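Report on one structure; see the data block that follows.
Everything quoted here is computed from the prediction, not taken from an experiment.
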Amino acid sequence: MIVWVNGAFGAGKSTTARELIDLIPNSTLFDPEVIGGALAHLLPPKHLAEVGDFQDLPIWRRLVVDTAAAMLAELGGVLVVPMTLLRQEYRDEIFGGLASRRIPVRHVLLAPAETILRERIAGREIPPDLPDGEMRVTQWALDHIEPYRAALASWLTADAHTVDTSSLTPREAALRIAEGVRTGDVPVRDIVQTPEPTAETLAAGVLLFDEQDRVLLVDPTYKPGWEFPGGVVEPGEAPARAGVREVAEETGIRLTGVPRLLLADWERPDPPGYGGLRLLFDGGRLDLGERDRLLLPGPELRAWRFVTEDEAADLLPPVRYARLRWALRARERDTVLYLEAGTPVG
């Protein structure tokens with residue numbers, strides 16, 4: 001199990017986490033800041049200069065998941081993770097990666113009043129050997145108060161178990177968290193658990209359209225980036241039926257009949273991915289009543305929108321966009337296309 005201690009920079013996450021490992025039996029501290037420190041030595045300076053925060057690096061997010069899983073496999077017990085997460089898509093990617101490994105996460109938010117938070121930031125001890133340390137660290141924490149405030153207003157308090165630490169010492173905060181974990185008052189965060197593939201997969205996606213022939217894209221909670229409704233075909237399941245099932249599970253829309261196949265695209269292996277066959281089906285147009293039944297928010301979707309082909313280019317990864325373009329051409333021509341790595345063959 002993981003106890004993720006979230007909060008603004010300067011909220012006291014690290015000191016509370018250190019107290020917490022003394023209170024939760026068989027627990028270990030894992031600070032993802034060490035991943036950022038290692039990347040400073042592993043990645044080219046030019047690459048690092050392109051981002052303002054280690055969290056914006058996909059490799060950082062992936063290594064946080066892989067390292068946490070490896071530590072739990074080695075040590076067992078509970079991992080206490082003090083780390084600020086203010087962007088919901090990063091929370092979803094990291095927690096989703098942990099969930100896919102069947103690692104439950106209990107998400108705690110330390111939330112002192114903003115005036116107290118600013119006082120704590122101003123009074124933080126800065127390592128004396130850090131160049132321009134006091135000014136840089138203090139400004140960094142202050143710059144993140146506004147994103148923290150925005151996260152509080154949009155998703156953070158609804159997702160995490162909040163502990164008001166305005167009048168609590170780190171020890172007192174840790175005692176409350178430990179008791180909440182013990183009693184279950186700090187719940188496990190529900191998130192879709194998609195197992196990591198161990199071989200090539202067969203996946204079925206379904207294109208759904210509005211009255212303007214714009215296509216529906218969804219933003220899943222369990223992985224980064226926009227996608228078509230759909231998912232992996234289960235053993236013994238017909239691909240078209242899998243697409244219909246996934247549409248119902250993700251969006252709440254129940255299609256009648258079997259959707260028409262538009263294309264089959266072979267996706268080459270790209271480690272750590274295994275690739276496989278990707279099918280896209282035509283689910284037809286949704287009327288206004290069906291659109292009103294789209295589930296949001298829900299356990300699987302953070303957002304959805306109907307987009308034109310050009311708008312999709314800014315939302316989909318290149319390989320998915322290529323697949324969409326050719327699926328739309330197949331729909332226009334009333335045909336079926338076979339692709340390899342996004343390119344028609346034959």
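For the pair Arg91 and Phe95, the cation does not sit on the ring face, since its NZ or CZ is not both under 6.0 Å from the ring centre and inside 45° of the axis. Geometrically, Arg61 engages Tyr90 in a cation-pi contact defined by less than 6.0 Å to the ring centre and at most 45° from the axis. For the pair Arg331 and Phe209, the cation-pi test (distance below 6.0 Å, angle within 45°) is passed.
Nearest heavy atom pair, residue Ser167 against residue Glu172, reads O-OE1, 3.8 Å. Contact detail for Ala111 and Thr162: the closest heavy-atom pair is CB-CG2, 3.8 Å. Considering all non-hydrogen atoms of both residues, Ser166 and Ala113 come closest at OG-N, 2.8 Å. Nearest heavy-atom pair, Ala248 versus Arg254, reported as atom, atom and distance to 0.1 Å: CB-NH1, 3.6 Å. Smallest separation of non-hydrogen atoms from Ala8 and Thr84: C-OG1, 4.0 Å. Nearest heavy-atom pair, Gly7 versus Leu109, reported as atom, atom and distance to 0.1 Å: CA-CD1, 3.6 Å.
Salt bridge status for Arg305 with Asp219: absent, with no side-chain N to carboxylate O gap under 4.0 Å. Between Glu93 and Arg62 there is no salt bridge, since no side-chain N of the basic residue sits under 4.0 Å from a carboxylate O of the acidic one. Ion pairing between Glu309 and Arg329 holds under the 4.0 Å rule for side-chain N and carboxylate O. Between Asp265 and Arg278 there is no salt bridge, since none of the side-chain N atoms of the basic residue sits less than 4.0 Å from a carboxylate O of the acidic one. Under the 4.0 Å criterion applied to side-chain N and carboxylate O atoms, Arg245 and Glu249 are assigned as salt-bridge partners. Note on Glu211 versus Arg285: no salt bridge recorded, every NZ/NE/NH1/NH2 to OD/OE distance being 4.0 Å or above.
In the hydrophobic clustering of this structure, Met1 does not group with Leu75; members are Ile, Leu, Val, Met, Phe, Trp, Tyr whose side-chain heavy atoms approach within less than 4.5 Å, directly or through other members. Hydrophobic clustering of Ile, Leu, Val, Met, Phe, Trp and Tyr side chains at less than 4.5 Å, counting indirect connections, unites Leu20 with Val78. Linking Ile, Leu, Val, Met, Phe, Trp and Tyr residues whenever their side-chain heavy atoms come within less than 4.5 Å leaves Val258 and Leu207 in two separate clusters. Linking Ile, Leu, Val, Met, Phe, Trp and Tyr whenever their side-chain heavy atoms come within less than 4.5 Å leaves Val319 and Val206 in two separate clusters. With hydrophobic clusters built from ILVMFWY side chains whose heavy atoms lie under 4.5 angstrom apart, Trp155 shares a cluster with Leu152.
No side-chain heavy atom of Leu79 sits under 4.5 Å from any side-chain heavy atom of Val3. At least one side-chain heavy atom of Leu216 sits less than 4.5 Å from a side-chain heavy atom of Trp304. Using a 4.5 Å cut-off on side-chain heavy atoms (C-beta onward), Leu324 and Leu316 make contact. In this structure the side chain of Arg260 never reaches within 4.5 angstrom of the side chain of Phe281, judged on heavy atoms. At a threshold of 4.5 Å between non-hydrogen side-chain atoms, the residues Thr251 and Glu246 do not count as touching. Within the 4.5 Å cutoff, side-chain heavy atoms of Phe306 are placed close to those of Leu286. Residues Arg106 and His161 are not in side-chain contact: their nearest non-hydrogen atoms beyond the backbone lie 4.5 Å or more apart. With contacts defined as side-chain heavy-atom distances shorter than 4.5 Å, the pair Phe228/Leu280 qualifies.
Going from atom CG of Leu86 over to atom CG of Asn6 covers 6.5 Å, rounded to the nearest 0.5 Å. In this structure, CG on Leu255 lies 11.0 Å from CZ on Arg241, to the nearest 0.5 angstrom. Rounded to the nearest 0.5 angstrom, Arg176 CZ and Leu168 CG are separated by 4.5 Å. For the atom pair CH2 of Trp326 and CG of Leu328, the computed distance is 11.5 Å after rounding to the nearest 0.5 Å. Here the straight-line distance linking atom CG of Leu43 with atom CD of Glu50 works out to 10.5 Å at 0.5 Å rounding. The structure places OG1 of Thr201 at 13.0 Å from CD of Glu234, a figure rounded to the nearest 0.5 Å.
The number of heavy atoms from other shown groups lying within 6.0 Å of CD (Glu74) does not exceed 12. Residue Arg268 qualifies as open at atom CZ: its count of foreign heavy atoms under 6.0 Å is 12 or below. For CZ of Arg214, the number of neighbouring non-hydrogen atoms (other residues, nucleotides, ligands) closer than 6.0 Å is greater than 12.
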Got a list of side-chain donor-acceptor pairs under 3.5 Å for residues 22-38, not counting sequence neighbours?
| unit_1 | atom_1 | unit_2 | atom_2 | d |
| --- | --- | --- | --- | --- |
| Ser27 | OG | Ile21 | O | 3.1 |
| Ser27 | OG | Ile24 | O | 2.7 |
| Asp31 | OD1 | Glu33 | N | 3.0 |

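Tyr338 and Trp266 have their aromatic ring centers separated by at least 6.0 angstrom.
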(request) Apply the test side chain to side chain contact (heavy atoms under 4.5 Å, CB included) to residues Met83 and Gln55: give CA-CA distance (whole Å), side-chain angles for both, the deciding distance (0.1 Å), then the verdict. (result) CA-CA 10 Å; Met83 191 70 224; Gln55 292 195 13; 3.3 Å; yes
(request) Using the side chain to side chain contact (heavy atoms under 4.5 Å, CB included) rule, take Thr16 and Leu110 through it: C-alpha gap first, then chi angles, then the decisive distance, then the call. (result) CA-CA 9 Å; Thr16 300; Leu110 304 185; 3.7 Å; yes
(request) List the steps and the verdict of side chain to side chain contact (heavy atoms under 4.5 Å, CB included) for His107 and Asp159. (result) CA-CA 7 Å; His107 188 191; Asp159 187 83; 2.6 Å; yes
(request) May I have the step-by-step check of side chain to side chain contact (heavy atoms under 4.5 Å, CB included) for Leu39 and Trp60, ending in yes or no? (result) CA-CA 8 Å; Leu39 291 177; Trp60 181 86; 3.8 Å; yes
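Remark: of the listed residues Val163, Val81, Val80, Val80 is the sole one forming a side-chain contact (heavy atoms from CB on, under 4.5 Å) with Val5.
The closest donor-acceptor contact from the side chain of Asp53 to the backbone of Asp56 lies at 3.5 Å or more, if one exists at all. The backbone N or O of Val64 sits nowhere less than 3.5 Å from a side-chain atom of Thr67 that would complete a donor-acceptor pair.
Of the N and O atoms on the side chains of Asp310 and Thr308, not one donor lies less than 3.5 Å from an acceptor on the other residue.
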